[in-house]
Amino acid sequence: MTVTTRPAVPALAPPATAPAAHRARRAARRRRLTACGVLMAPFFVLLLTVFLIPVGTAVYLSFYSDDQPGLGFGPERTVFVGLRSYAAVLTDPTFLGGLGTVALYCLIYIPLMVAGALALALLLDSGAARLRAFAQLGLFLPHAVPGIIAALIWLYLYTPGISPVIDLFARADITVDFLGVHTVLPSIVNIALWSNLGYNMVVFYAALQAVPREVIEASVVDGAGPVRTALQVKTPLVRASIVMVAIFTLIWALQLFTEPMLLSQSSPMISSRFSPSMYIYDAAFNRTNYSLAAAASVVLLACTVALSYGVTRFTGRADAAEEAR
């Protein structure tokens, strides 16, 4: 009788216990969270120092005011005034007028900025413009000029008696008052366009460079001309950049300050409270009413956040509706 023996099977290592595997997962998760914390720490430090602390300080100052009891002869003390500063701001005709001025400024400036920058970017991307690098440099150079210097340059060009532009129009028997009651706001829009058009053009041009070339070639094969390709093929593909530029332009426009502040030196049409930012500056440094200035700052911040959120939600719903078709 023959007895067959099977070869011995090597014993397998025992599986890792559940607690050990759980500890390994927790350690890996801690490492990921630590790495994320280290990478995000600079952002949160900047957010805290340049945004949250100033906003918190403004909110605190808006609820307190310096008061002198005894018909103004007593010692000055800080007292809690609640919403009194906000009521004063929201019922002040000059502040509401400044909001209306900025609203009109946005209605003129933002469409011109977005459409102009996009048109220049499409023109450069199409190859129709010669010496493309020099054209980009020439359009971007005004943005490199500080805002105060740009406003001073245009103040020189807008001031009668010293402006070569006004003298040139005068030789043709054309009278132009760039700082008149009906032209001062378009003149401010012109300064802002001159300063920022090239920057936004570069943003759009960079987005257009990421558009797949095969998509453009397919549209040309289908018979689309240059204009149709630009409007119906390229523009929808850079919609995210258009929304971003529109939001940033809106935020900057609501903070209108430098241009009217300098032009006010030569135009009586621009008062010290022409815009909300100028109202805040006047309340803080001319009237020494920091509570009122803080309340106006918080109101302007709330308007900026609300409008930015509204634009984001509107474009998000529009994109969702288009994808659902």
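Residues: numbered from 1 along the sequence shown. Please read these numbers as outputs of a predicted model, since none were measured by experiment. Side chains are part of it too, since the values below use all heavy atoms of this structure and drop only hydrogens, waters and symmetry mates.
If you chain together hydrophobic residues whose side chains sit under 4.5 Å apart, Phe274 and Val181 fall into the same group. Using a 4.5 Å cut-off between side-chain heavy atoms of Ile, Leu, Val, Met, Phe, Trp and Tyr, with links allowed through other members, Val102 and Val305 fall into different hydrophobic clusters. One hydrophobic cluster holds both Leu263 and Phe257 under the rule that ILVMFWY side chains link at heavy-atom gaps under 4.5 Å. Criterion: ILVMFWY side-chain heavy atoms under 4.5 Å apart, direct or through other members. Under it, Tyr281 and Leu301 are not part of a common hydrophobic cluster. In the hydrophobic clustering of ILVMFWY residues, with side-chain heavy atoms under 4.5 Å counting as a link, Phe178 and Leu168 come out apart.
Other residues, nucleotides and ligands place no more than 12 heavy atoms under 6.0 Å from the OH atom of Tyr199. In this structure, Leu107 places its CG atom where more than 12 heavy-atom neighbours from other residues, nucleotides or ligands lie under 6.0 Å away. Annotation for Arg213: atom CZ counts as buried by contact number, over 12 foreign heavy atoms lying within 6.0 Å. Summarising the local packing, CZ of Arg287 is surrounded by more than 12 heavy atoms from other residues, nucleotides or ligands at distances under 6.0 Å.
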Pair Leu122-Leu208, side-chain contact (heavy atoms from CB on, under 4.5 Å): steps then yes or no: CA-CA 8 Å; Leu122 289 170; Leu208 288 171; 3.7 Å; yes
Derivation of the side-chain contact (heavy atoms from CB on, under 4.5 Å) call for Arg29 and Arg25: CA-CA 6 Å; Arg29 182 181 179 186; Arg25 287 195 298 267; over 6 Å; no
side-chain hydrogen bond (donor to acceptor under 3.5 Å, both in side chains) assessment of Tyr86 paired with Ser62: CA-CA 8 Å; Tyr86 291 97; Ser62 66; 2.7 Å; yes
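Proximity of Thr101 to Ser275: side-chain heavy atoms (C-beta onward) are nowhere separated by under 4.5 Å. Contact annotation: the side chain of Leu152 never approaches that of Tyr156 to less than 4.5 Å [non-hydrogen atoms, C-beta and beyond]. Side-chain atoms of Thr175 and Phe169, non-hydrogen and from C-beta on, never get closer than 4.5 Å to each other. Between Met278 and Ile270, some side-chain heavy-atom pair lies under the 4.5 Å cut-off. When side chains are defined from C-beta on, Ser277 does not count as touching Leu256, because their heavy atoms never get closer than 4.5 Å. Side-chain contact between Ile242 and Phe204 is present, with heavy atoms from C-beta onward closer than 4.5 Å. Between Val243 and Phe314, every side-chain heavy-atom pair lies at or beyond the 4.5 Å cut-off. With contacts defined as side-chain heavy-atom distances shorter than 4.5 Å, the pair Asn196/Thr249 does not qualify.
Smallest separation of non-hydrogen atoms from Ala151 and Glu259: CB-CA, 4.3 Å. The two residues Ala253 and Cys106 come nearest to each other via the heavy atoms CB-SG, 3.6 Å. Minimum interatomic distance between Ser308 and Thr312 (heavy atoms only, all atoms of both residues): O-OG1, 2.8 Å. Ala150 and Trp194 get closest at one heavy-atom pair: CB-CZ3, 3.6 Å. Contact record, Ala88 with Leu292: CB-CD1, 3.9 Å, taken as the closest heavy-atom pair. The two residues Leu231 and Pro236 come nearest to each other via the heavy atoms O-CD, 3.5 Å.
Relative orientation of the Phe248 and Trp252 rings is tilted, given thresholds of 30° and 60° on the angle between their planes. Using cut-offs of 30° and 60° for the angle between ring planes, the Phe80 and Tyr64 rings count as perpendicular.
No side-chain donor-acceptor contact under 3.5 Å links Ser195 to the backbone of Ala192. Between the Thr159 side chain and the Ile162 main chain, no donor and acceptor come within less than 3.5 Å of each other. Ser264 places no side-chain N or O within 3.5 Å of a backbone atom of Ser271 that could act as its donor or acceptor partner. No donor-acceptor pair under 3.5 Å is formed between the side chain of Asp125 and the backbone N or O of Ala121.
Atom-to-atom distance recorded for Ile188:CD1 and Tyr158:OH is 9.0 Å, nearest 0.5 angstrom. Taking NE2 of His182 as the start and CG of Asp177 as the end, the distance is 10.5 Å to the nearest 0.5 Å. Leu179 contributes atom CG, which lies 6.5 Å from atom OG of Ser266 (distance to the nearest 0.5 angstrom). Between the CG atom of Leu46 and the CG atom of Leu52 there is a distance of 11.0 Å, given to the nearest 0.5 Å. One distance of note links CG of Leu39 with OG1 of Thr34; it measures 11.0 Å at 0.5 Å rounding. In this structure, the separation between CG on Leu197 and CG on Leu118 is 11.0 Å, given to the nearest 0.5 Å.
With sequence neighbours left out, Asp92 forms a side-chain hydrogen bond (donor to acceptor under 3.5 Å, both in side chains) with Thr94, Tyr279. By the side-chain hydrogen bond (donor to acceptor under 3.5 Å, both in side chains) test, Ser291 is found to be paired with Ser85, residues two or more places apart in sequence or in another chain being considered.
Note on residues 133-157: no pairs pass salt bridge (Lys or Arg N to Asp or Glu O under 4.0 Å), not counting sequence neighbours.
Thr304 pairs in a side-chain contact (heavy atoms from CB on, under 4.5 Å) with only one of the listed residues (Leu250, Val299, Ile251), which is Ile251.
The aromatic ring centres of Phe51 and Phe44 sit 6.0 Å or more apart.
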